[in-house]
Amino acid sequence: MRVSEPARVAETPYQAVLLVSFGGPEGPDDVMPFLENVLRGKRVPRERMLEVAEHYNHNGGVSPINEQCRLLLDALRTEFAENGLDLPIYWGNRNWHPMLGDAVEEMRKDGITRALALMTSAFSSYSGCRQYREDVANACDQSDDRGPDPDALTAGDAPSFGKIRTWFNHPLWIEANADRVRDALDAVPDEHRDDCRLVFTAHSIPSSMARGSDYEVQLAESSRLVCEAVGVSAERMDLVYQSRSGRPQDPWLDPDICDHLEALAGQGAKAVVNVPIGFISDHMEVIYDLDDEAATKAGELGMVWQRAATAGTHPSFVRMLRELVEERLDRSKERRAIGQYGPNHDVCPLNCCPRPARPGAPAAAVPTVGRG
């Protein structure tokens, strides 16, 4: 596998960036094949898959995520060009077209031998980082297995990949999200603005996965830094979870956002600003699980509900991504971070964010991932 670089830095310079995202259906006929890709090998009950399928069908069978990737690609290409960064940007998804294998094969045919993978996740976990790296590595292995063809340099010449570090505490990530929160606070009625709760949400993951990563710590730090940036006391902040899947008997991170809203209403809270800090764009888990389910729950409880937008293509976020690429191109550049922790690692340690063990099973051995 060739996804996270070893300690020895290769001499070949980076020649391209690969945007690696989750993918999503772009029509009703895509929904079930997409979900089967997502859930392959996972112990998710079929009734849960059908329930999630209805979320997509409620939106015409289209997830916003691919269009949001296109917008981000356009913004990044403009940002690169305006700042003299001459690197092509490719795009591949884990679960739906354009697929990672096709993107890696395109890079191979274009003669790219060394590239940076930019995963669309700000936080460390198996599903948010390592699984992406493994999927890129598998795509490279499949490209190598295709053997020589008239357009290839040699057999076995798929690119090697370095990884952009997670950016949970980068000042521009905090700035982009703080701007979104300020806009949301401005939309809260005057009588509730100074005492509303800021409820930060992120995708729930299995507790066994969380134990093997810094996911909760990084989310808490991002949330705290955003509160600090907008001048809201941490006492008015909550970090909760959403979009849980899997078997009911398996422990996942909680509390769930809707359960938490009920608890807040019981404590007399009148208004909530929701901050989906765990997501970089307004995709399905945001527009359905928050804008529909959680907003409906808040209304039933008589609470004012206002959701902050995700970072999306906020100029500070796009600028940050360019900075993260530049710091890998030039090791002398400052690696910016604020708060209690320093910048996250570029090269993932051997046992970083391991695959979670099934309940009652021993932890799986974690293979090395890296030839940069």
Side-chain angles (χ1 to χ4, degrees), residues 1-24 34 37-38 40-42 65-66 69 72-73 76 87-121 124-166 321 324-325 328-329 344-355 364-372:
M1 292 186 180
R2 48 165 73 69
V3 179
S4 201
E5 296 175 301
R8 177 183 57 81
V9 179
E11 294 180 1
T12 306
Y14 294 113
Q15 301 156 311
V17 172
L18 173 63
L19 180 70
V20 186
S21 192
F22 192 80
F34 161 74
N37 280 345
V38 173
R40 185 171 291 114
K42 298 179 181 177
I65 193 168
N66 272 7
C69 281
L72 182 58
L73 281 168
L76 278 172
L87 286 183
I89 309 175
Y90 297 78
W91 170 33
N93 291 326
R94 282 174 46 190
N95 298 296
W96 203 246
H97 308 284
M99 301 296 287
L100 270 174
D102 295 332
V104 169
E105 182 65 3
E106 181 184 3
M107 297 173 78
R108 182 179 75 86
K109 290 183 175 181
D110 288 347
I112 303 298
T113 60
R114 193 161 183 251
L116 284 167
L118 169 56
M119 285 75 166
T120 52
S121 174
S124 300
S125 71
Y126 175 74
S127 60
C129 182
R130 190 181 193 96
Q131 190 174 12
Y132 280 98
R133 294 189 287 121
E134 291 175 349
D135 286 348
V136 173
N138 289 336
C140 290
D141 290 341
Q142 290 167 11
S143 182
D144 282 350
D145 289 344
R146 297 180 192 191
D149 67 52
D151 296 320
L153 298 176
T154 62
D157 60 351
S160 294
F161 285 87
K163 179 184 78 73
I164 299 297
R165 64 180 169 98
T166 53
L321 295 177
L324 291 174
V325 170
R328 296 305 306 278
L329 300 176
N344 211 47
H345 46 253
D346 295 329
V347 180
C348 293
L350 179 62
N351 290 313
C352 186
C353 299
R355 181 189 297 271
V366 180
T368 182
V369 256
R371 178 176 68 78

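We're numbering straight along the sequence, starting at 1.
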How far does [atom1] of [X] sit from [atom2] of [Y], to the nearest 0.5 angstrom?
| X | Y | atom1 | atom2 | result |
| --- | --- | --- | --- | --- |
| Arg165 | Arg328 | CZ | CZ | 10.0 Å |
| Asn138 | Arg133 | CG | CZ | 12.0 Å |
| Leu100 | Leu18 | CG | CG | 6.0 Å |
| Arg130 | Asp135 | CZ | CG | 12.0 Å |
| Asn93 | Ile65 | CG | CD1 | 7.0 Å |
| Tyr90 | Asp102 | OH | CG | 13.5 Å |

Query raised in the report: Within the distance-only criterion (no hydrogens, no angle test), does the side chain of Gln142 pair as donor or acceptor with the backbone N or O of Gly101 below 3.5 angstrom?
Result: no
Less than 4.5 Å apart, side chain to side chain, heavy atoms only: is that true for [X] and [Y]?
| X | Y | result |
| --- | --- | --- |
| Tyr132 | Phe22 | yes |
| His97 | Phe34 | no |
| Leu76 | Leu118 | yes |
| Leu72 | Trp91 | no |
| Val325 | Ile164 | yes |
| Arg94 | Met99 | no |
| Val104 | Pro159 | yes |

Query - Criterion side-chain contact (heavy atoms from CB on, under 4.5 Å) on Ile112 and Arg108, from CA distance to verdict - result: CA-CA 6 Å; Ile112 303 298; Arg108 182 179 75 86; over 6 Å; no
Report task. Can you sort out the partners of His345 under side-chain contact (heavy atoms from CB on, under 4.5 Å), two or more places apart, ordered by chain and number? Result -> Cys348, Pro349, Cys352
**Report entry** Check against side-chain contact (heavy atoms from CB on, under 4.5 Å), Leu329 and Tyr14
**Finding:** CA-CA 7 Å; Leu329 300 176; Tyr14 294 113; 3.7 Å; yes
Query raised in the report: Which pair of heavy atoms, one from Cys69 and one from Ser21, lies closest together, and at what distance?
Result: SG-OG, 3.4 Å
Query raised in the report: For Asn344, which residues count as a side chain to side chain donor-acceptor pair (under 3.5 Å) partner, sequence neighbours excluded?
Result: Thr166
**Report entry** Salt-bridge contact Lys109-Glu106 (side-chain N to carboxylate O under 4.0 Å)
**Finding:** no
Report task. Output yes when Lys163 and Asp346 qualify as a salt bridge under the 4.0 Å nitrogen-oxygen rule, no when they do not. Result -> no
Query raised in the report: Looking at Phe161, does the NZ or CZ of Arg114 lie under 6.0 angstrom from its six-membered ring centre and within 45 degrees of the ring axis?
Result: no
